[in-house]
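In what follows, chains carry the letters A, B, and so on, assigned in the order in which the sequence lines appear, proteins first and then strands, with residues in each chain numbered from 1. Everything quoted here is computed from the prediction, not taken from an experiment.
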Amino acid sequence: MTKRVMGRASFAHILDSLGQIQIYVQVNQLGKEEYEDFKSLDIGDIVGVRGNVFRTKKGEISIKTEEITLLAKSLRPLPEKWHGLRDTDLRYRQRHLDLIVNPEVRETFVIRSKVIQAIRRYLDERGFLEVDTPILHNTAGGASARPFITHHNTLDIDMYMRIALELHLKRLIIGGFDKVYEMGRIFRNEGMSVKHNPEFTMIELYQAYADYNDIMDLTEDMIYTVAMDVLGSAEVQYEGQTIDLTPAWKRMTMIEAVKEHTGLDFNQIDSNEDIVKALKGIGIEDHKTVTWGEALNLVFEERVEEKLIQPTFITEYPVEISPLAKKMATDPRLTYRFELFIVSRELANAFSELNDPIDQRERFIAQSRKRTAGDEEAHMMDEDFINALEIGMPPTGGLGIGVDRLIMLLTNSHSIRDIILFPTMKPRD
RNA sequence: GACCCAUUAGCUCAGUCGGUAGAGCACUUGACUUUUAAUCAAGGAGUCCGGCGUUCGAGUCGCCGAUGGGUCACCA
């Protein structure tokens with residue numbers, strides 16, 4: 001906001017969430033005393049203005065002020081008016097200032113709200129039921145991640161902040177809700193970066209009698225629809241690249257993707273010697289004894305992920321890294337799973353859900369072994385969940401989307417902190 | 001966790017070879033009845049991130065530390 005005082009008449013702009021308008025203030029409209037009060041206003045003060053609308057000589061629509069009332073006084077000076085607030089640390093810590101001073105920040109968070117609205121509308125229209133499941137868990141399951149631990153005083157037990165929505169939503173499928181989703185906050189006690197905040201928003205949905213192919217169709221249609229609803233276009237600019245979200249998106253298996261980008265054909269690789277040789281051949285030295293599936297995933301992450309700029313579904317993930325996904329009938333080393341990559345980032349993860357309680361128990365046991373071997377991110381055994389599976393879960397397709405990363409893409413934001421209003425910050429002394 | 005960069009007025013930033021701390025905006029005072037980052041004149045404003053060291057003398061050089069940012073590593 002600006003203020004231009006010229007003796008006995010002045011101009012200023014006032015601003016609210018809908019925009020700004022110029023006001024014109026004259027001494028012979030207000031009287032001397034009121035006009036002096038006006039001149040003593042500061043840039044951040046909040047005022048009410050009454051008067052008639054007119055157009056100035058230069059053509060700007062303005063208000064000829066008849067009455068101006070101070071509604072709230074600003075005691076601290078606002079940041080400088082044309083360089084604004086640049087200090088990223090201060091912007092995140094004092095988001096209120098950032099929002100006042102930097103209009104594009106306001107716009108980003110309006111888009112965030114619209115994206116979330118559009119996702120809900122899409123799913124509600126298709127008969128999905130939105131539910132709320134617990135955030136405090138007795139066992140942290142549904143993903144590979146280190147949880148935050150907290151304590152319940154009355155029960156005198158430690159509890160975990162959820163790291164995924166998955167296991168409760170599957171219980172609802174077992175309970176007979178055929179289409180459910182939840183959009184909510186997830187907590188992971190891991191490193192922070194431009195792509196990671198300790199708490200972030202995820203949406204997970206589950207559809208009974210669907211498989212991962214159905215979910216792939218839904219995913220691309222939903223993201224396309226959201227982009228059209230919010231931006232009015234399926235073409236998105238992201239850090240100098242043009243991303244086209246128009247379906248149908250590229251689909252390839254992990255084995256195909258690895259073969260295309262590295263020349264390694266994992267269908268021809270079998271023995272441990274083959275694996276070591278293959279990894280060495282493309283310059284990956286990994287001395288941990290890796291299995292076939294782990295090696296496939298390792299090569300994919302190291303050599304392929306970065307190349308996936310346009311929307312791409314990677315399918316058929318190794319069973320070792322997919323403890324909740326159904327094994328393929330044609331190849332038990334792989335699962336009916338896909339992940340969606342856009343601008344080299346994982347945006348979604350989905351599979352035909354494992355609904356065989358015996359197989360699920362074995363997967364959990366395998367995970368527990370990793371856990372005791374020191375892998376803090378391996379899944380915990382969850383007897384309660386297996387018990388639920390034993391009741392009988394229909395074949396189900398499930399999907400998880402990192403909502404923050406989707407919003408980063410749609411708002412061309414470099415850092416996850418730019419699309420979370422109050423990102424996690426280290427306290428200051 | 002490693003490396004690189006930054007930290008000077010409320011904000012955005014200069015500060016030369018080591019020699020009295022600077023600008024614009026904001027603020028205060030004055031002039032000005034159609035301005036658009038209004039203009040003009042004057043004024044106040046500092047723990048130069050902290051500590052230690054080198055030096056006659058440190059915002060500037062060295063070491064240690066803090067905070068932030070970036071890159072990488074780790075991580076769905």
Output one line per pair: protein atom, nucleotide atom from nucleotides 3-9 of chain B, and distance, for all N/O pairs under 3.5 Å.
none

Is the shortest distance from a Lys or Arg side-chain nitrogen in A/K326 or A/D211 to a carboxylate oxygen in the other one below 4.0 Å? no
Please tell me whether A/Y212 and A/F351 form a close aromatic pair, meaning their ring centres lie under 6.0 Å apart. no
Tell me the interatomic distance from A/K3, atom NZ, to B/C25, atom C1', rounded to whole angstroms. 14 Å
Regarding the side chain of A/I43, the nearest nucleotide among B/U33, B/U71, B/C27 is B/C27
Among the candidates B/U35, B/U33, B/G69, find the nucleotide nearest to the side-chain atoms of A/R417. B/G69
Whole angstrom value for the distance that separates C1' of B/A38 from NZ of A/K57: 15 Å
Of B/U33, B/G68, B/A38, the nucleotide closest to the side chain of A/N28 is B/U33
Shortest side-chain distance from A/R93, nucleotide among B/G70, B/U12, B/U67: B/U67
If you only use heavy atoms from C-beta on, which nucleotide in B/C11, B/G70, B/U36 is closest to the side chain of A/L90? B/C11
Per A/Y24 side chain, nearest of listed nucleotides B/U35, B/U28, B/U34: B/U34
Nearest to the side chain of A/K58, heavy atoms from C-beta on, is which of B/U35, B/U33, B/G68? B/U35
Among B/U35, B/C11, B/G69, find the nucleotide with the atom closest to the side chain of A/P79. B/C11
Can a salt bridge be assigned to the pair A/K64 and A/E66 using a cut-off of 4.0 Å between side-chain N and carboxylate O? no
Between A/E107 and A/R112, does any NZ, NE, NH1 or NH2 come within less than 4.0 Å of an OD or OE carboxylate oxygen? no
Looking at A/R8 and A/E36, is any side-chain nitrogen of the basic one under 4.0 Å from a carboxylate oxygen of the acidic one? no
Among the nucleotides B/C75, B/U33, B/C13, which one has an atom lying closest to any side-chain atom of A/R86? B/C13
Under 4.0 Å between any heavy atoms, over every strand shown, what does A/V5 touch: base, sugar-phosphate, or nothing? Just pick one. base
